[in-house]
There are 2 protein chains.
Amino acid sequence: MPETPRRTDRLPGTRYGSRPTMKDVAARAGVGLKTVSRVVNGEPGVTAETERRVQEAIEALGFRRNDSARVLRKGRTASIGLVLEDLADPFYGPLSRAVEEVARAHGALLINGSSAEDADREQELVLALCARRVDGLVVIPAGDDHRYLEPELKAGVATVFVDRPAGKIDADVVVSDNYGGARDGVAHLIAHGHRRIGFIGDMPRIHTAAERLRGYRTAMADAGIPVADSWMSLGVTDPERVRRAAEGMLSGPDPVTAIFTGNNRVTVTVIRVLAEHARRVALVGFDDIELADLLQPGVTVVAQDAAALGRTAAERLFRQLDGTLLRPERIELPTRLITRGSGELPPAD
Amino acid sequence: MPETPRRTDRLPGTRYGSRPTMKDVAARAGVGLKTVSRVVNGEPGVTAETERRVQEAIEALGFRRNDSARVLRKGRTASIGLVLEDLADPFYGPLSRAVEEVARAHGALLINGSSAEDADREQELVLALCARRVDGLVVIPAGDDHRYLEPELKAGVATVFVDRPAGKIDADVVVSDNYGGARDGVAHLIAHGHRRIGFIGDMPRIHTAAERLRGYRTAMADAGIPVADSWMSLGVTDPERVRRAAEGMLSGPDPVTAIFTGNNRVTVTVIRVLAEHARRVALVGFDDIELADLLQPGVTVVAQDAAALGRTAAERLFRQLDGTLLRPERIELPTRLITRGSGELPPAD
DNA sequence: CCCGAGCCTGACAACGTTGTCCAGGCTCTA
DNA sequence: TAGAGCCTGGACAACGTTGTCAGGCTCGGG
């Protein structure tokens, strides 16, 4: 009896009628279920003629293997999760793309989500990905406590943290040399004669922001320059806050002659402020930004390689899955100072 | 007999030992399987005391529901797929983020992949997403024939095409007014006295590129200006090709006095070329670019709202899933001319 | 004291696929 | 011509979850 009406308890939401299954294909081709499975998976042991009949039935019915069932059976999903702060941030685009390319090379799909810099949302996302049984996770953490991941790690979910370290668990980490990069950037300003140098960065609870501030402090200390509290401003990176911070440093009795900005968003806002400003103020920014070379003056930056961060992390992830990787490690990628003019302006008192 | 060694044919790759299941939780809590299910899903009909015992067992074992099995049973995955050209392109970041936000509001996860402007890769990705049984698809098409999607549409996979229309199938489409935007941008140059205006765009097989070229031609025709072949250049948007095209238009016996660029990547490269150029050349670009206002002169652009494209598409997708949407439709979002200086330069002959 | 209503709870099948295992038919050789 | 061995194909169970359904319990009313 072909074409029997199966399906007993379908959801009402399912429209059109549901998808054909291997059973349907088998019935139509007049073969057994397992034979269809063999054809679909390219396994050996099927006559050319039988294979043709099966292919024909697949074509005719529009059959597509149901990966949920497959995953349930096999245990691996061939997909990895990526949790980052904001997909729309130009820094994360290339990183995300790099992760995707590595995943693709390993035959895996990428599922991603934005945490919006919210620890709860990060956890929610990560656990949702685990419930889908992703094979691995690349996480740019928003929170600083990742003990909630312990059962997942034990269960064998490969995990790599990028851009910022994991909190309170032992895991692979790939970061840029935030401390060293900031230190070199500030030293560059000092080398060009600046002493009153401002620092505007992200919220101090964010690891990268703290590290870059540490780099700033070290460079200043190394040069024997005492730092005034009014020279440092940490907080959210929305344009309003940053603008106020920059204007504060540039006015008053003891204005800065140079500013070091803690990330791409801050840099962009500060460039705007400086453009409206009469006095020439030197600027070095963390993170490269597009068109930085075409501004007047060109913007000197400490560039990190977002694509390399993503690639390195993803490659480690798949090595964890291979089993070729045993101990968690911390990898630090170097930054690169790109001089374009803004950092070489002399102090204008 | 508790702690019996289950698992017969596990993959060798699975490390540590596999995850606990509802069965394990049930055994530990001393309740039935279904009771665990009820607790996990917050269904009514469980005593506070029983619930407490189950929660305790879940906690102790680090249980996490397996969504593959759930999907297999329920038919819906609560995830949607997004296929775009390149995650690293600044235009797609906000679009992607907007889709994600709408998905999140509907409790769905986002799976995405880059087609790299390759029709085969697009198809491969889309079908992989369908095999995972995503509830819906948002596609920025690379190819121009989407008949391969017909079985999926019939099976009820909600689908919306964004930025470019679908090929050879009837589906929802959300696009910008590429034709009108380009026409207005070029008319703006004409209004400022230009007659010899160049057009540099993407490959003509890409729908947006063709539409923008059509807008250019219309504006020129409306002004009664005959267009020389040497004023138009279509092709890949890599910097080398664009640079040659721009330099070609700017030299020779009859150089252009203004250039209209067909997308953000082209615009950036042309800005670089013009910066090296002695003569002032007017420029209007399609797509807004960051820092465009800070260049000298500021870059006049025809801006499209990438986030609105993504949001609109995703909202339509979920309305399809609700069943509140019946007929496929084509939605066109307006563009906006933002004048900043480069488009208002007079012709310098 | 008995019976029915109502509430909890658990046994069971089904979702679609893949791994295991066996049967039947074939070829090849002695 | 018989037996061994190979190749093809199919029956069946299992993956982990959820919907159905029925059983057992308590409680209140007659």
Side-chain angles (χ1 to χ4, degrees), chain A residues 4-14 18-27 29-54 57-58 61 63-78 130-133 155, chain B residues 4-12 14 18-27 29-54 58 61 63-78 130-133 155:
Chain A
T4 59
R6 295 168 307 99
R7 299 288 144 50
T8 51
D9 57 0
R10 266 281 148 200
L11 293 195
T14 314
S18 320
R19 311 211 55 146
T21 72
M22 285 193 178
K23 209 154 146 191
D24 302 322
V25 174
V31 302
L33 188 55
K34 181 65 206 192
T35 301
V36 176
S37 172
R38 273 193 269 262
V39 170
V40 168
N41 293 296
E43 286 170 29
V46 181
T47 336
E49 162 59 13
T50 307
E51 168 154 8
R52 196 192 50 72
R53 284 220 314 284
V54 172
I58 288 177
L61 295 174
F63 168 79
R64 200 86 62 202
R65 181 177 61 196
N66 184 332
D67 270 354
S68 293
R70 171 170 228 252
V71 161
L72 182 57
R73 191 63 235 263
K74 303 200 67 150
R76 281 288 165 94
T77 57
C130 289
R132 308 237 158 170
R133 295 295 186 267
Chain B
T4 59
R6 295 167 307 99
R7 298 291 144 48
T8 52
D9 57 359
R10 266 283 146 197
L11 294 194
T14 314
S18 321
R19 310 210 56 144
T21 72
M22 285 192 178
K23 210 156 147 189
D24 301 322
V25 174
V31 301
L33 187 54
K34 181 64 205 193
T35 301
V36 176
S37 171
R38 272 192 270 261
V39 170
V40 168
N41 294 294
E43 285 170 31
V46 181
T47 336
E49 162 60 12
T50 309
E51 168 154 8
R52 196 192 51 70
R53 284 219 315 283
V54 172
I58 288 178
L61 296 174
F63 167 80
R64 199 87 60 203
R65 181 176 62 196
N66 184 331
D67 271 352
S68 293
R70 171 168 227 253
V71 162
L72 181 57
R73 192 64 235 262
K74 304 200 65 149
R76 282 289 165 93
T77 56
C130 289
R132 310 240 155 166
R133 295 295 186 268

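By convention in this document, chain letters (A, B, ...) are assigned in the order of the sequence lines, proteins followed by strands, and residues within each chain are numbered from 1. This is a predicted model, so every value here is computed, not measured. Note: hydrogens, waters and symmetry copies are ignored here, and every other heavy atom, side chains too, is used.
The salt bridge (Lys or Arg N to Asp or Glu O under 4.0 Å) check on A:Arg64 picks up B:Glu152, with sequence neighbours excluded. Residues satisfying the side chain to side chain contact (heavy atoms under 4.5 Å, CB included) criterion with A:Ala26, sequence neighbours excluded, are A:Val31, A:Val36. Partners of A:Thr35 according to the side-chain hydrogen bond (donor to acceptor under 3.5 Å, both in side chains) rule, which considers only residues two or more places apart in sequence or in another chain, do not exist here. Listed by chain and residue number, A:Asn66, B:Val71 satisfy the side chain to side chain contact (heavy atoms under 4.5 Å, CB included) test with A:Ser68 (two or more places apart in sequence, or in another chain). Annotation: salt bridge (Lys or Arg N to Asp or Glu O under 4.0 Å) contacts of A:Arg132 (sequence neighbours excluded): B:Asp67.
Ranking D:dG9, D:dT18, D:dG16 by closeness to the B:Leu72 side chain, first place goes to D:dG16.
Contact check of residues 63-71 of chain B against DNA chain D (heavy atom, cut-off under 4.0 Å) returns B:Phe63, B:Arg65, B:Asn66, B:Ala69, B:Arg70. Heavy-atom distances under 4.0 Å link DNA chain C to B:Gly45, B:Val46, B:Thr47 of residues 41-48 of chain B, given in residue order.
Among the heavy atoms of the strands lying under 4.0 Å from A:Val31 are primed sugar atoms or P, OP1, OP2 only; no base atom is included.
Note on residues 31-44 of chain B: no pairs pass salt bridge (Lys or Arg N to Asp or Glu O under 4.0 Å), not counting sequence neighbours.
End-to-end axis angle for the helix from C:dC1-D:dG30 to C:dA30-D:dT1, using five pairs per end and rounding to 10°, comes out at 60°.
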At under 4.0 Å between heavy atoms, which parts of nucleotides 21-27 of chain C does protein reach? Answer with one letter per nucleotide, 5' to 3': B base, S sugar-phosphate only, - none. -------
